[in-house]
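Working notes for the structure below.
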Amino acid sequence: MNKKIKKIFLKTYGCQMNVFDSERIEESLIKHGISKADNEINSDLIILNTCHIREKAAEKVYSELGRYRKLKQKNPELKVGVIGCVAQAEGQEIIQRSEIVDMVLGPQVYHRLPEIIKKLEVNEKVVDTDFPIEDKFEKLNLNKNNIRKTTSFLTIQEGCDKFCTFCVVPYTRGAERSRSPKIIIKEANELVDSGVKEITLLGQNVNAYCYENEKNQNVNFTNLIKLLCRIDNLKRLRFVTSHPRDMNEDLIQLFGQEEKLMPYLHLPIQSGSNKILKKMNRGHTVEYYLDIISRLKKIRPEIAISGDFIVGFPGETEVDFQKTLDVCKIIKYSQAYSFKYSPRTGTPSFEMKDIPDDIKSNRLLKLQETISLYQQQFQQNLIGSVQEVLIEKIGKFEDQYVGRTPYMNPVVLNSKQNQIGKIIPVKINSTNGLSLSGEYVT
Ligand code: SAH
Ligand code: SF4
Ligand code: F3S
């Protein structure tokens, strides 16, 4: 008799798209009698939802698989699956490199999991890295009873056609596809009906969203946001990640028109040097980027800007790097992510000459110091002000709650009443550089 798979342990790496996929997988398997295990040892199937963006992220998978080898020796019935972007990029190779793996699934086939699990139960190995045309999320339904959250992600677009020379996403997630606005609105309503107050729309290129409906009319990103803002009990709307090339005037104007659209924009530039941007195939210049931000600031002066940077891209000189620091000084990011360039097989920049790691490390350190300076400055500027804070969860200590300002800063405060799910006025008293603390003002 083969063992039925009843409990899964799902571990997620990478971006919010993976987090959202994992949540949907867990929710949708419930109706097939499969629930979440609280740890790896109690599970029948361990799934790693993986990220391929940098070498370090991808290699993590193999160190985890090394640990699972031992678990499998103790429990030969245990199944192990690798899904997500490493699965898409490496496919069958994963099983060749680590024979304990029973299942390899790319990001677009998760709706097939119930059938695939049946195959695993009869000891078949499964590799599926298709890009089917159907929308996986239509089958990976939301489970309303399971939500109980204040803030939620909602994927509206996947894939990328931009082909930055350093990036694996166009290969791991495939071509740009937008989901139907009807379904998005339905899912957003379901989230809101079950208590969600804030939705963050997700996409690798979220602002490239465009869907042609039955009447051959295009619903673009601005149209979609307007529709979503009409949902009564939805209080806040955000989106990540945007590409500068798709920041059109309508979208910029929207920040001055829709109150529910939070004054926060994650808009990666990657480098402050036009020479490097060109080699990266970003399709925009520094001047173009700065112009977007200055137009946005005219419309919504207090808007918080966040971004992503890569240091040490092939050919980057000290002068180029200095230009990246200059961009930070001009924009004064409220927060930003920065990475050392990691050459990825199969991408065009893999063929370019990599620069020494110690140079990259030095630049990363300098950039992070600069980013942190402006992040602290942004938080300092909020001290003494009263901010509308959406309370998301309880804090570490008794009567403590944690929420976020419209600008995304985490805020810690004390309250005797349960404030989760409410938007309350909070006077900001101090900052430790990462989060703010404040008090509820009635
Ligand atoms: N679609 C988003 C980014 C997705 S990947 C955009 O275009 O902005 C998230 C971030 O990882 C990127 O913004 C980039 O800063 C970083 N990244 C991507 N590939 C990388 C690589 N090969 N080495 C280092 N960082 C990388
Ligand atoms: Fe990658 Fe560039 Fe596409 Fe972003 S826009 S996902 S960095 S290829
Ligand atoms: Fe990583 Fe795939 Fe997201 S490569 S960053 S998990 S799209």
Side-chain angles (χ1 to χ4, degrees), residues 11-22 48-61 82-90 105-108 110 129 153 155 157-177 201-209 239-247 265-272 276-277 279-284 289 292 305-314 316 324 333 336-352 354-355 357 360-361 363-364 367-368 371:
K11 204 164 174 178
T12 307
Y13 301 89
C15 64
Q16 292 104 327
M17 311 280 291
N18 268 8
V19 174
F20 184 73
D21 285 350
S22 288
L48 296 177
N49 192 0
T50 60
C51 174
H52 199 246
I53 203 84
R54 285 166 291 272
E55 194 181 352
K56 256 197 199 146
E59 282 305 314
K60 248 186 222 153
V61 179
V82 177
I83 67 172
C85 293
V86 176
Q88 188 66 45
E90 298 184 4
L105 305 183
Q108 304 311 334
Y110 300 151
T129 52
F153 293 135
T155 295
Q157 179 275 347
E158 272 198 82
C160 180
D161 296 338
K162 302 271 191 306
F163 290 93
C164 300
T165 53
F166 52 80
C167 183
V168 296
V169 171
Y171 315 99
T172 62
R173 292 272 167 173
E176 241 169 63
R177 293 168 312 286
L201 306 176
L202 296 182
Q204 264 94 21
N205 266 286
V206 74
N207 57 340
Y209 177 90
F239 54 86
V240 276
T241 295
S242 303
H243 195 288
R245 264 156 70 186
D246 299 307
M247 280 305 298
L265 179 69
H266 182 73
L267 193 69
I269 185 170
Q270 312 297 355
S271 167
I276 297 297
L277 289 178
K279 281 185 90 179
M280 286 177 163
N281 190 33
R282 287 289 291 175
H284 62 81
Y289 180 91
I292 293 172
I305 307 295
S306 132
D308 292 352
F309 294 94
I310 294 178
V311 297
F313 187 79
E316 185 189 77
T324 298
Y333 290 93
Y337 304 93
S338 49
F339 312 97
K340 279 200 271 186
Y341 168 69
S342 168
R344 309 300 290 130
T345 331
T347 62
S349 68
F350 189 74
E351 308 301 327
M352 302 175 192
D354 199 12
I355 69 172
D357 192 61
K360 290 187 200 171
S361 299
R363 289 182 188 165
L364 185 66
L367 177 59
Q368 288 180 339
I371 290 170

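Start at 1 and go down the list; that is how both ligands and their atoms are numbered. Residue numbers start at 1 and run along the sequence shown.
- Less than 4.0 angstrom separates atom 18 (C) of ligand 1 from at least one non-hydrogen atom of the protein.
- Checking only distances, Gln204 does come within under 3.5 Å of ligand 1, N or O to N or O.
- Near Arg344, the atoms of ligand 1 lying under 4.0 angstrom from a non-hydrogen atom of the residue are 22 (N).
- Taken to the nearest 0.5 Å, the OG1 atom of Thr241 stands 9.0 Å off from the OH atom of Tyr337.
- What sits closest to atom 1 (Fe) of ligand 3 on the protein, heavy atoms only, is Cys51 SG, 2.4 Å.
- Interface atoms of ligand 2 facing Phe166, defined by a heavy-atom separation under 4.0 Å, are 7 (S).
- Within the listing of ligand 2, atoms 2 (Fe), 7 (S) sit less than 4.0 angstrom from a heavy atom of Arg282.
- Ring geometry for Phe313 versus Tyr341: interplanar angle over 60°, hence perpendicular rather than tilted (30 to 60°).
- Proximity of Arg173 to ligand 3, defined as any heavy-atom pair under 4.0 Å, is confined to the side chain (atoms from C-beta onward).
- Contact annotation for Phe163 and ligand 2: only backbone heavy atoms (N, CA, C, O) come within less than 4.0 Å of the ligand.
- Heavy atoms of Ile53 found under 4.0 angstrom from ligand 1 belong to the backbone as well as the side chain.
- No side-chain donor-acceptor contact under 3.5 Å links Gln108 and Gln88.
- Of the options Val19, Asn18, Val86, Ile53, the smallest heavy-atom separation from atom 6 (S) of ligand 3 is shown by Asn18.
- Checked by distance only, ligand 1 and Asp308 come closer than 3.5 Å through their nitrogen or oxygen atoms.
- A donor-acceptor pair shorter than 3.5 Å can be found between the side chains of Ser22 and Thr12.
- In terms of protein heavy-atom proximity, atom 6 (C) of ligand 1 is closest to Thr241 CG2, 4.0 Å.
- Ser361 and Lys340 are linked by a side-chain donor-acceptor pair at a separation below 3.5 angstrom, with hydrogens and angles left out of the test.
- Residue contact check: Pro170 has heavy atoms under 4.0 Å from atoms 8 (S) of ligand 2.
- For His266 and Phe239, the gap between ring centers reaches or exceeds 6.0 Å.
- Of all protein heavy atoms, the one lying nearest to atom 11 (O) of ligand 1 is Arg54 NH1, 3.1 Å.
- Taking a cut-off of under 4.0 Å to the non-hydrogen atoms of Cys164, the atoms of ligand 2 that pass are 2 (Fe), 5 (S), 7 (S), 8 (S).
- Listed by atom number, the atoms of ligand 1 under 4.0 Å from Lys340 heavy atoms are 23 (N), 24 (C).
- The option from Arg173, Gln270, Arg282 that lies nearest to atom 15 (O) of ligand 1, judged by heavy atoms, is Gln270.
- Residue side and main chain included, Cys160 places an N/O/S atom under 2.8 Å of atom 3 (Fe) of ligand 2.
- Expressed to the nearest 0.5 Å, how far OG of Ser338 lies from CD of Gln270 amounts to 11.0 Å.
- No more than 12 heavy-atom neighbours from other residues, nucleotides or ligands sit within 6.0 angstrom of CD on Glu55.
- Summarising the geometry, atom CZ belonging to Phe163 is positioned 10.0 Å from atom CG belonging to Asn281; distances are rounded to the nearest 0.5 Å.
- Side-chain contact between Asp246 and Lys162 is present, with at least one heavy-atom pair separated by less than 4.5 Å.
- In terms of protein heavy atoms, atom 4 (C) of ligand 1 is closest to Val169 CG2, 4.7 Å.
- One finds the CG atom of Asn207 at 11.0 Å from the CG atom of Leu201 (value rounded to the nearest 0.5 Å).
- Residue contacts with ligand 1, taken as heavy atom pairs separated by less than 4.0 Å, involve Pro268 solely via side-chain atoms from C-beta onward.
- Under 4.0 Å from ligand 1, heavy atoms of Phe166 appear from its side chain as well as its backbone.
- With salt bridges taken as basic N to acidic carboxylate O contacts below 4.0 Å, one links Glu316 and Arg363.
- Nearest protein heavy-atom neighbour of atom 1 (Fe) of ligand 2: Cys167 SG, 2.3 Å.
- Summarising the local packing, NZ of Lys56 is surrounded by 12 or fewer heavy atoms from other residues, nucleotides or ligands at distances under 6.0 Å.
- The N/O atoms of Ser342, backbone and side chain alike, include one that comes under 3.5 Å of an N/O atom in ligand 1.
- Annotation: the span from Thr345 atom OG1 to Glu351 atom CD amounts to 9.5 Å, rounded to 0.5 Å.
- Atom 3 (Fe) of ligand 3 has no N, O or S atom of Cys85 under 2.8 Å away, backbone or side chain.
- Protein heavy atom in closest approach to atom 4 (S) of ligand 3: His52 N, 3.3 Å.
- Regarding atom 5 (S) of ligand 2, its nearest protein heavy-atom neighbour is His243 CD2, 3.4 Å.
- Judged by the shortest distance from any of its heavy atoms, Gln204 lies inside the 4.0 Å radius around the atoms of ligand 3.
- Summary of contacts: the protein heavy atom closest to atom 3 (Fe) of ligand 3 is Cys15 SG, 2.3 Å.
- Rounding to the nearest 0.5 angstrom, the gap separating the SG atom in Cys15 from the CZ atom in Phe20 is 12.0 Å.
- One finds a salt bridge joining Asp21 and Arg173 here, because a Lys/Arg side-chain nitrogen approaches an Asp/Glu carboxylate oxygen to under 4.0 Å.
- For the pair Arg344 and Phe166, the cation does not sit on the ring face, since its NZ or CZ is not both under 6.0 Å from the ring centre and inside 45° of the axis.
- Contact between Ile310 and ligand 1 is present, with at least one heavy atom of the residue lying under 4.0 Å from the ligand.
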